[in-house]
K.L.:
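Got a structure for you, questions after.
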Amino acid sequence: MMVAVASGKGGTGKTTLSAALADALGDEVILLDCDVEEPNAALLMHPEWLDRYPVHTPVPTFRADDCTQCGECVSVCAYNALAKIGDDILVFNQLCHGCGACLYFCTPRALTEDYRQIGSVQCGHSGNVRVVEGRLNLGEVLAPVVIKAVKRECKDASRVIVDSPPGTSCPVIAALDGVDFCVIVAEDSAFGLHDMQALVEVLRVLQIPFGVVVNRAGLGDDRVLRFCEREGIRVLESIPFDRQIARLTGRGYLFTAEMPEWRPKMRRIWSEIEGVLSGARNSSA
Amino acid sequence: MKLAISAAGKDRESRLDSRFGRCAYFVVCDTETGEVQAVPNEAGEAGGGAGIKAAQIVVGTGAGALVTGNIGPNALEVLQRAGLKSYVAEGGKVEEIVEAFNSGRLREITDPTTGHHGGLRGSGRGARSR
């Protein structure tokens, strides 16, 4: 089972919850840090890294001798990564999404495929939890490419936790790809609810079942809970706005390790998700 | 010489659009005859790389120079490779800008006036990749 932990709004506690779930489940768990623009699960998991490898994206390189000046490569590029100036083709690597259209349409093969590194993947373990972290290089934008590389690391794992990036754009869609369930970590504030609603819309379009964990409960006016009740959204847990949890997390400790009474609650969230999914399978069978 | 100006409208009376890549029109003026022609900026709706596309449109008009408000590194590179000079104007109408250009009152742009994705500034983290 692959479960994404996402939020819409940033800073609601995705990594805190992802790490808490991984810690409480313990065995046969893999935690994928897919927030590749600012990976931070390692700050709580303190993994021992065993392996690290680069992530590449294809880019075209231009050989003027073979070019027939047709300009087809420029017109098929959906990202405006190519420009034709006189006899020359300029390639703007930062804008290239590596789709390969320019290479495909370049019949004289003046454009050939090259690769450049845009990020890296690190694999390690923290106790029995396998931790995989993607990291996008500074100044790069193709987060989905690195996220896909991270997700290829979880082939055989039976319990996968995907620590998703915030927002609702391409990186989040890449993180959500193929997950069985999404836990929305929602903060009880006006921004928290607004951004969570955007994510709810995304999940409905993608037809991914989801539930909500309210974090910093008691901070606001229960607007998240009222929204969930109105929309019939399952609330899996509420984590209070608690100084001890904040202090532990801020110092890089897993709050579930220091406050072990939370571990059964985390395991209960996981079993509830299993229950929801098996129920859905039975009803559709 | 032809002078291209990033503008909000199609004629002499139109005001400068300070955004290069996402302006509505390029108004191209012949600095000798005063003749004016407007070219719609089809790059304005591009998801990304609008400046690069817009720069090629400007090159395609046959203009020898450009006047705009802000321009990023990619667009400037395209224009420089094509041998076009770029100048900065603070605002005003197309006819005023042509006059200022003719009297040598506009400053040449040699370095980008804004960073990558200048036109997307303020759209937040979600805008970075698409």
Side-chain angles (χ1 to χ4, degrees), chain A residues 7-11 35-38 57 62 71 73-99 118-119 136-148 165-175 191 195 198-199 202, chain B residues 4 6 19-23 26 39-66 71-86 112 114-130:
Chain A
S7 67
K9 184 181 177 297
D35 190 3
V36 301
E37 288 179 81
E38 38 231 341
T57 185
F62 176 63
C73 54
V74 175
S75 58
V76 298
C77 181
Y79 309 100
N80 298 314
L82 295 162
K84 183 172 184 296
I85 296 300
D87 296 347
D88 211 4
I89 298 290
L90 304 185
V91 181
F92 293 90
N93 282 341
Q94 298 280 336
L95 293 173
C96 176
H97 282 51
C99 72
I118 56 163
L136 185 69
N137 288 353
L138 281 176
E140 296 293 343
V141 294
L142 289 183
V145 175
V146 180
I147 292 169
K148 282 174 196 161
T168 48
S169 64
C170 293
V172 177
I173 307 304
F191 289 132
D195 292 3
L199 182 61
V202 169
Chain B
S6 61
R19 305 165 304 161
F20 172 70
R22 295 185 191 277
C23 66
F26 290 106
V39 179
N41 177 21
E42 286 164 14
E45 300 296 309
I52 293 169
K53 194 172 179 184
Q56 290 175 93
I57 293 171
V58 170
V59 173
T61 64
L66 163 83
I71 189 163
N74 293 337
L76 193 63
E77 186 184 339
V78 172
L79 293 172
Q80 286 173 340
R81 288 287 280 269
L84 268 75
K85 286 189 171 180
S86 304
T114 174
H116 285 277
H117 304 118
L120 298 178
R121 185 139 303 157
S123 356
R125 193 177 174 209
R128 273 195 252 157
S129 43
R130 49 192 70 233

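As the structure is a computational prediction, the values presented were derived from the model and not from experiment. Hydrogens, waters and symmetry mates are skipped; everything else that's a heavy atom, side chains included, is used. Within every chain, numbering begins at 1; the chains are lettered A, B, ... in the order of the sequence lines, protein sequences first and strands thereafter.
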K.L.:
Quick one: what part of B:A55 sits under 4.5 Å from any heavy atom of chain A, side chain, backbone, both or neither?
P.N.:
neither

K.L.:
Mind listing the closest non-hydrogen atom pair of B:A50 and A:N80 along with its distance?
P.N.:
N-ND2, 4.3 Å

K.L.:
Rounded at 0.5 Å granularity, tell me how far CG in B:L79 sits from CD1 in A:I85.
P.N.:
7.5 Å

K.L.:
So which part of A:V74 gets closer than 4.5 Å to some heavy atom of chain B, the side chain, the backbone, both or neither?
P.N.:
side chain

K.L.:
At their closest point, which heavy atom of B:V78 faces which heavy atom of A:A83, and how far apart are they?
P.N.:
CG2-CB, 4.0 Å

K.L.:
Give the minimum heavy-atom separation between B:Q56 and A:K84, together with the two atoms involved.
P.N.:
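So the minimum-distance heavy-atom pair works out to OE1-N, 2.9 Å.
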
K.L.:
Working to the nearest 0.5 angstrom, can you tell me the gap between B:I52 CD1 and A:L95 CG?
P.N.:
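So the CD1 of B:I52 and the CG of A:L95 are separated by 4.5 Å.
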
K.L.:
Please look at B:V59 and chain A and tell me whether the side chain, the backbone, both or neither of the residue comes under 4.5 angstrom of a heavy atom of that chain.
P.N.:
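Looking at B:V59, just its side chain touches chain A.
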
K.L.:
Roughly how far apart are B:R81 CZ and A:D88 CG, rounded to 0.5 Å?
P.N.:
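Reported value, rounded in 0.5 Å steps: 5.0 Å.
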
K.L.:
What part of A:I173 gets closer than 4.5 Å to chain B, counting heavy atoms only: side chain, backbone, both or neither?
P.N.:
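Neither the backbone nor the side chain of A:I173 comes within 4.5 Å of chain B.
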
